[in-house]
Amino acid sequence: MKWDVIILGAGAAGLMAGLEAARRGRRTLVLDHGKRPGEKIRISGGGRCNFTNLNISRATIPERFLSANPRFALSALSRFPARAFLDRIEAAGIAWAEKALGQLFCQGSAKEVVAMLTDDLRAAGGVLRLDSGVTAVEGSGPFTIRTGTDDLETARVVVATGGLSIPKMGASDIGYRIARSYGLPIIDTRAGLVPLTFSGVQKDAMAEMSGTSVDAAVTAGQARFSDGLLFTHRGLSGPSILQASSYWRAGEEISVDLAANADIAPALAAQRQAGGRMGLVRALSAHLPERVARDAVARSRLDGNLADQSNRALDRLAAAVHDWRLTPQGSEGYRTAEVTLGGVDTAALDPRTMEARAVPGLHFVGEVVDVTGWLGGYNFQWAWASGWAAGQAV
């Protein structure tokens with residue numbers, strides 16, 4: 001059978017592109033090497049899928065989507081906004097709830113979102129084939145898709161193969177290899193939304209605080225994020241760190257404010273006036289978990305009771321809390337990264353159709369493209385919107 005369009009990848013972007021193409025009457029085949037479709041959807045959000053974010057707008061897109069061209073995502077995200085996907089969630093009878101910062105989650109299971117997409121694909125006449133790994137794409141108009149078992153012919157191809165994150169789920173570089181085979185440029189890839197790791201004395205100190213969390217503000221480059229921070233045996237994690245990791249580059253320093261919602265120096269001064277015979281760790285433990293307070297006091301190199309400290313000393317201790325300067329040794333890499341930064345250069349793609357400018361009929365969508373959103377539903381919305389855009393054009 002000859003196909004009008006073959007989608008490579010049955011993740012969020014691929015399923016969206018496939019069902020939209022099928023709804024337009026195209027003979028559509030969605031291929032995936034895995035045994036189940038939508039695996040990243042299924043595991044996301046603790047199994048409840050943070051499927052979009054209400055704070056995505058024309059004003060926020062250039063800031064909250066990282067790319068060599070931050071404005072590239074405007075077209076698809078404006079034409080298929082968060083409300084459009086939410087309408088589909090509601091039409092499918094999937095209960096949802098809004099958490100902090102505009103994040104929308106299923107109240108039940110993320111499997112409901114996968115079922116909605118695969119049901120819509122099937123209802124539109126599209127075909128889903130699993131256990132079908134793609135080894136190469138050749139030719140143009142028609143294209144030949146080479147799999148491990150057969151060769152398929154199609155007029156158009158949508159590459160929705162994702163990035164390199166979470167290799168245990170089958171992530172691979174096939175999408176980048178396809179792009180390179182057609183001469184398309186690739187922006188260097190790296191792990192994003194990923195825990196940061198440390199070495200030496202810093203790693204030992206963090207291991208002592210492992211399992212402890214605080215509300216922190218983390219600065220990397222020009223970006224600052226306020227949210228939870230978690231100490232691990234290898235370093236730092238939690239939403240504030242994951243967000244900052246996308247802006248951090250190897251060898252650069254980050255700054256951590258361990259008490260983003262407090263002003264430590266005047267708070268300690270007030271405690272000193274009320275009764276300063278307590279030790280510094282005990283005093284600081286009124287604002288931070290004890291193990292974190294103990295580490296901050298040690299880094300400030302102060303000792304004695306609170307009553308013994310001058311205002312200058314309290315400022316020094318506050319600096320250890322509010323401006324902890326650290327240089328990560330690295331990150332946990334693609335093993336735990338939620339996304340892949342970089343990818344197919346947007347300069348080579350049409351933002352309205354996601355089609356390669358130099359290769360008519362070849363489209364790239366989702367994570368394989370050099371567009372990476374913030375934590376909190378942004379990357380799923382990019383998947384829905386870019387897949388939708390390609391689905392309207394194939």
Side-chain angles (χ1 to χ4, degrees), residues 7 9-20 22-23 30 32 34-57 60 64-65 73 76-77 80-124 126 128 130 160 162-163 165-166 168-171 192-193 227-228 230 237-239 242-243 336-339 365-367 371-388 391:
I7 317 293
L15 289 172
M16 179 63 83
L19 71 90
E20 289 299 316
R23 283 177 173 176
V30 179
D32 197 279
K35 297 184 180 299
R36 295 185 293 188
E39 282 293 81
K40 269 198 170 182
I41 301 173
R42 182 182 62 81
I43 69 167
S44 67
R48 293 192 173 180
C49 187
N50 180 190
F51 57 83
T52 194
N53 194 296
L54 295 178
N55 291 326
I56 299 172
S57 68
T60 64
R64 300 183 183 186
F65 287 87
L77 288 167
F80 191 84
R83 182 68 240 186
F85 192 76
L86 181 56
D87 287 344
R88 298 191 182 198
I89 290 287
E90 292 177 337
I94 299 173
W96 59 276
E98 181 179 355
K99 293 191 177 181
L101 307 174
Q103 301 167 8
L104 303 191
F105 288 78
C106 299
Q107 285 192 324
S109 170
K111 293 178 182 179
E112 295 178 87
V113 179
V114 179
M116 177 189 78
L117 296 167
T118 54
D119 287 350
D120 285 352
L121 174 67
R122 190 178 305 110
L128 173 63
L130 302 173
S165 56
I166 319 182
K168 69 179 181 180
M169 296 183 65
L193 300 181
D227 211 324
L230 174 68
S237 187
L242 298 186
Q243 292 275 44
T336 60
E338 295 198 15
V339 293
V365 298
E367 190 179 353
V371 174
T372 304
W374 280 10
L375 186 72
Y378 289 84
N379 289 293
F380 271 128
Q381 187 58 39
W382 168 243
W384 315 134
S386 60
W388 177 89

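Basis for what follows: all heavy atoms, side chains included, without hydrogens, waters or symmetry-related copies.
- Centroid-to-centroid, the aromatic rings of Trp384 and Phe380 come within less than 6.0 Å.
- Closest approach of Met116 and Arg88 over heavy atoms only: SD-O, 3.5 Å.
- Considering all non-hydrogen atoms of both residues, Val114 and Gly38 come closest at CG2-O, 3.6 Å.
- Note: Thr336 OG1 to Lys168 NZ = 9.5 Å, rounded to the nearest 0.5 Å.
- Between Ser237 and Leu242, the shortest heavy-atom contact is OG-CD2, 4.2 Å.
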Please report the C-alpha distance between Phe51 and Ile41 in whole Å, then the side-chain angles of each, then the deciding distance to 0.1 Å, and finally whether the side-chain contact (heavy atoms from CB on, under 4.5 Å) criterion is met. CA-CA 8 Å; Phe51 57 83; Ile41 301 173; over 6 Å; no
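- Taking each heavy atom of Ala385 and Leu77 in turn, the nearest pair found is CB-CD2, 3.8 Å.
- One distance of note links CZ of Phe105 with OG of Ser44; it measures 8.0 Å at 0.5 Å rounding.
- Checked by atom type, the side-chain pair Trp382/Glu367 shows no donor-acceptor distance below 3.5 Å.
- Not a single donor-acceptor pair under 3.5 Å links the side chain of Asp32 to the backbone N or O of Leu130.
- For Asn53 (side chain) and Tyr378 (main-chain N/O), no donor-acceptor pair under 3.5 Å exists by modelled atom type.
- From Leu19, atom CG reaches atom CG of Leu128 across 11.5 Å, with rounding to the nearest 0.5 Å.
- A distance of 11.0 Å separates CG in Leu54 from CG in Leu101, rounded to the nearest 0.5 Å.
- Remark: the backbone N or O of Pro81 is paired with a side-chain donor or acceptor of Gln381 at under 3.5 angstrom.
- Contact annotation: the side chain of Glu338 never approaches that of Asn379 to less than 4.5 Å [non-hydrogen atoms, C-beta and beyond].
- The two residues Ile94 and Cys106 come nearest to each other via the heavy atoms CG2-SG, 4.1 Å.
- In this structure, OG1 in Thr52 is found 9.5 Å from CD1 in Ile89, a value given to the nearest 0.5 Å.
- With hydrogens and angles ignored, the 3.5 Å screen pairs a side-chain donor or acceptor of Asn50 with a backbone N or O of Leu104.
- Side-chain atoms of Gln243 come within 3.5 Å of backbone atoms of Leu375 as a donor-acceptor pair (strictly under, hydrogens ignored).
- The two residues Gly387 and Met16 come nearest to each other via the heavy atoms C-CG, 3.9 Å.
- Put simply, the side chain of Glu90 never gets that close to the backbone of Asp87: no donor and acceptor are under 3.5 Å apart.
- Between the side chain of Glu112 and the backbone N or O of Arg48 there is no donor-acceptor pair closer than 3.5 Å.
- We find the CD-CG distance between Glu20 and Asp120 to be 9.0 Å, quoted to the nearest 0.5 Å.
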